[in-house]
Amino acid sequence: MNWEIVMGLEVHLQLATQSKIFSGSATQFGAEPNCQADPVDLGMPGMLPVLNEEAVRHAVTFGLGIGAKIGERSVFDRKNYFYPDLPKGYQVSQFFAPIVCEGVFDVAMPDGSLLPIRITRAHLEEDAGKSVHDIFPRETGIDLNRAGTPLLEIVTEPDFRTAEQAVAYLKALHSLVTYLGISDGNMAEGSMRCDINISLRERGTDALGTRTEIKNVNSFRFVERAIHVECERQADILDSGGRIIQETRLYDAEQNVTRSMRSKEVANDYRYFPEPDLLPIEIDADYIEAVRATLPELPGAKRNRFVSDYGLSEYDATLLVPNHAMASFFEAVVDHCHAAKPAANWILGDLSGALNRADIAIEHSPLSAQQLAGLISRIEDGTLSSKLAKQVFDAMWEGLGDADEIIESRGLKQVSDAGALETMVAEVIAANPDQVAQYVAADEAKRKKLSGFFVGQIMKASQGQANPQLLNQLLLEKLDAQS
Amino acid sequence: MPDNDVLTASVSELHRMLSARTISSEELVSTYLGQIEAENEALNAVITLCREQALADAREADHVLSRGEGNPLTGIPLLHKDIFCTQGVRTTCGSHMLETFEPAYDATVVAKLKAAGTVTLGKCNMDEFAMGSSNETSYFGAVKNPWDLNCVPGGSSGGSAAALAAGFAPLVTGTDTGGSIRQPASLCGITGLKPTYGRVSRLGIIAFASSLDQAGPMARSAEDCAHMLTAMSGIDAGDSTSADRAVPDFAAALNGEIEGLRIGIPREYFSEALNPEVRERIMAALSVLEKAGARLVDIDLPHTHYAIATYYVIAPAEASANLARYDGVRFGHRCDAPIDLEDLYLRSRSEGFGEEVQRRILVGTYALSSGFYDAYFNKAQQVRRIIAEDFHRAFEMVDVIAGPSAPNVAFERGAKQQDPVAMYMEDIYTLAVNLAGLPGLSTPAGLINGMPVGLQLIGKAFDETTILNTAHRLQQDTDWHTIRPNFGAFQS
């Protein structure tokens, strides 16, 4: 059977606030267990939540970032269920009236086209703690550091038809939220977790099939793989005449399979009702405008501007823009050297390579934008050949100074003086009569190859500083003159 | 035999004595501690005594007073209902679940009263998690009414009311979710005020039903309540539902002037359900106010009869979530040797909670269940608004609404224990006030066969002053609030 995949995504985004959504505890990752949990986070008797305004602002920022409608009056609800790492026995969330209502998010696909994804809603909620099963034999430890961390749950309509679309959406979302500064987007630390609702239907039909939900997938790669294996699993069942059971599943990355969660862990009746300890969030037009005024240029607009203002290719722009820090680095380089295309090439090429090898984010690059611009300027004015430029780049990466300092101290200036080069050419020809004879005897095709010997000798003699174009020209003139 | 004057004196009189140094706070506190130690066994009103800390705090207060400093409450002893978290002092909420729970923090009310100079003597017994109208559901045993030891003191602030009436303290705190200050105040012959929802911070008060809970003062007079309310009130950054309203000096506003005051008499509060003798006492009290210049106006609160049904959906629903945190994981009672998670939950909660608490958790869980939410919780929320509108309309015509605080005087222990609905009817006149978030107080209105009756006065939102002033006038013109039970130090 020819199946069409239908998917909707729910992303839990950790908001970058100093303190938790309802308490003053810090939200830093990796602290000693239970060191960032106060009586509110512990659900101690008599404790009450107080809403962190920063979380509200982040949520509104997101809503405006995707052009969604902001809920004028959103309400917190209690989602009731028992679990040891859920201290109060309920999670404070927004069920009936979310802070961000419907919107459309245009996702840039790798081919440069735009895929509009309908956002159903985004709501604020608190994270739960963590159950730790592998420290104490036969016992479970509870770490409540994460309890009360502010989350924005972003829910889409079932608009995805391929794993590629889902991954493109997640990447675009990741890019957007880091642009907006509302999340660090650190997936390894759980700042962005994805639930995938997935079903199959016969291609050409409209009705939705029974779906499963794959919970808590935390990398782009795993999302792609999880979708593939779950689709295969569902297709196998349907092809053999079986029925899909609506259930929650987990993706096991090691085995590359999805597994049904034990029924006890699956949602039952959450008995949502309005949280009486918190007032509704009222958001007026003034507040919205004040937040709107703080919105940065968003990835889509920036991509367009990079193409129109800097003359970059769509391809380069699409590579530079998603990482906000990289885009800013690019603009800083261009600001200093006014050479956009070489700047893009250096950043996407050598710099990215070096950063990746050293596992350093571009915002922590040991080589500053100003330094890279200095290097590019020396290439543009002909001081450095691309070969020398790589040497200078490496030295700058090692922290040995700016381009000009390194050129000066190593005497790396390109020799473009025709007189000096002619002398060198003459010396090499005189010192290698056998090779000259070979050259003279060779046909046109072979000559090109044989000339490389002389170029190598001269480069060696000049310590690589000979201007390659000029050298080639002078050398061929002389050699050809021998025959 | 301790000095009876000290055990009956008003806060103002005690303040005068303390300021004049005719008595020290230490002596005052010693006297009250002695009273509790001598007489509490008969009442079971106090379940934790803080003798050493209280004496140390009293000496501290004496330092302040001897410098000529302090305020109206400096050095005045006080008891807290055991629903208020007290740092380092066990806070049980009347439950086995929290039998050994020692909070690391003070409730805002406790902190404010401490800052005002009061000295905490100990903690009062109460219905378990404030669920009850007779103080029979406490894990620590029933509280007895000092007016008749066979009778209940009312609930859930029954320990507080009995302690106050017995002369264990001049001031006690209570909380009122559906009548838990006013009904026991009525049954024990004292003055008790439930403030407007939001007037007093709920931070550090163990939650029963968050949208209804409100803490308030219980004392010998409206004036004493006023002093205490001033100290307790005010917006709290830690409670989002606390109101950003200026806090007047409630005591200073008491002038007893009620000329032209319009008092609404709701027909629905004087139906056949009301004990005729209670009706008679209430009418007598109202005629005193009428003589003082007030005008009695017949009004209707047409949706009154929905209050009990509405309340017994909303309060248990909120409670079912509020009490979910008692799961045996982080604090509170944990069963022995649980075999798995479900066993841990099931036994910890079944052992830790008493019957009435479990009943309300079940009712509340049911009312919120998928498929029943609209029929129960949602409907109850709608009716709640309609009940509030009843009051709103009535207050366009009157300044105060008056009626009984409870349908009867105190009943015998055990009389209603097997019949939860009969017990719920105890709060028939008080529940609606919580649903509407309004202030209400109970003030003594005489005795029936030696047992106290309470007049309830209901005010507009944030107008505690008017009901306090009306009660104050009644207390100037009558001596009902000065009648003491024939118990302990007051025994004739």
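Chain letters run A, B, ... following the sequence lines, proteins first, then strands; residues in each count from 1.
Per-residue heavy-atom pair counts under 4.5 Å with chain A were compared for B/A207, B/C85, B/S369, B/A209, and the maximum is reached by B/S369. Per-residue counts of heavy-atom pairs under 4.5 Å with chain A were compared for B/G371, B/S211, B/S210; the largest is that of B/S210. Ranked by heavy-atom pairs under 4.5 Å with chain A, the first of B/T91, B/N322, B/V329, B/D327 is B/N322. Per-residue counts of heavy-atom pairs under 4.5 Å with chain A were compared for B/F84, B/F101, B/F331; the largest is that of B/F331. The candidate from B/P103, B/A104, B/G238, B/A107 with the greatest count of non-hydrogen atom pairs under 4.5 Å with chain A is B/G238.
More than 12 heavy atoms of other residues, nucleotides or ligands lie within 6.0 Å of CG in A/D284, so this atom counts as buried by the packing criterion. The 12-atom threshold is not exceeded at CD of A/E72, counting heavy atoms of other residues, nucleotides or ligands nearer than 6.0 Å. For CD of A/E282, the number of neighbouring non-hydrogen atoms (other residues, nucleotides, ligands) closer than 6.0 Å is greater than 12. By the neighbour-count criterion of 12 heavy atoms within 6.0 Å, atom CD of A/E289 is densely surrounded, having more than that number from other residues, nucleotides or ligands. More than 12 heavy atoms of other residues, nucleotides or ligands lie within 6.0 Å of CZ in B/R347, so this atom counts as buried by the packing criterion. Few gaps surround CD on A/E53; more than 12 heavy atoms of other groups in view lie less than 6.0 Å from it.
Contact annotation for B/A321: both backbone and side-chain heavy atoms come within less than 4.5 Å of a heavy atom of chain A. Using a 4.5 Å cut-off between heavy atoms, B/A317 touches chain A through its backbone atoms (N, CA, C, O) alone. Heavy-atom distances place the backbone of B/A237, and not its side chain, under 4.5 Å from chain A. For A/Y81, no part lies near chain B; criterion is any non-hydrogen pair under 4.5 Å. Looking at A/P39, the atoms closer than 4.5 Å to chain B (heavy atoms on both sides) all sit in the side chain, from C-beta outward.
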- Run the side-chain contact (heavy atoms from CB on, under 4.5 Å) check on B/S320 and A/R78 step by step: do they pass? CA-CA 11 Å; B/S320 73; A/R78 292 184 181 177; over 6 Å; no

- Message: Would B/E318 and A/F273 count as a side-chain contact (heavy atoms from CB on, under 4.5 Å) here? Give the steps.
- Response: CA-CA 9 Å; B/E318 292 182 6; A/F273 74 100; 3.9 Å; yes

- Query: Stepwise, does the side-chain contact (heavy atoms from CB on, under 4.5 Å) test hold for A/D277 with B/T241?
  - Reply: CA-CA 7 Å; A/D277 286 333; B/T241 64; 5.6 Å; no

- Task: Could you walk me through whether B/Y373 and A/F96 pass ring-ring contact (aromatic ring centres under 6.0 Å, His included), step by step?
- Result: CA-CA 13 Å; B/Y373 181 86; A/F96 297 105; 5.7 Å; yes

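Between A/F82 and B/Y326, the ring center distance fails the sub-6.0 Å criterion.
Residues A/M44 and B/Y105 meet the side-chain proximity criterion, which asks for heavy atoms closer than 4.5 Å. You'll find the side chain of B/S370 stays beyond 4.5 Å of the side chain of A/Y272, heavy atoms only.
When every heavy atom of B/S240 is checked against every heavy atom of A/L278, the shortest pair comes out as OG-CD2, 3.8 Å.
Of the options B/D239, B/I205, B/D236, a side-chain contact (heavy atoms from CB on, under 4.5 Å) to A/L48 is made by B/D239 and by none of the others.
At a cut-off of 3.5 Å, with distance as the only test, a side-chain donor of B/R325 or A/Y90 sits close to an acceptor on the other residue.
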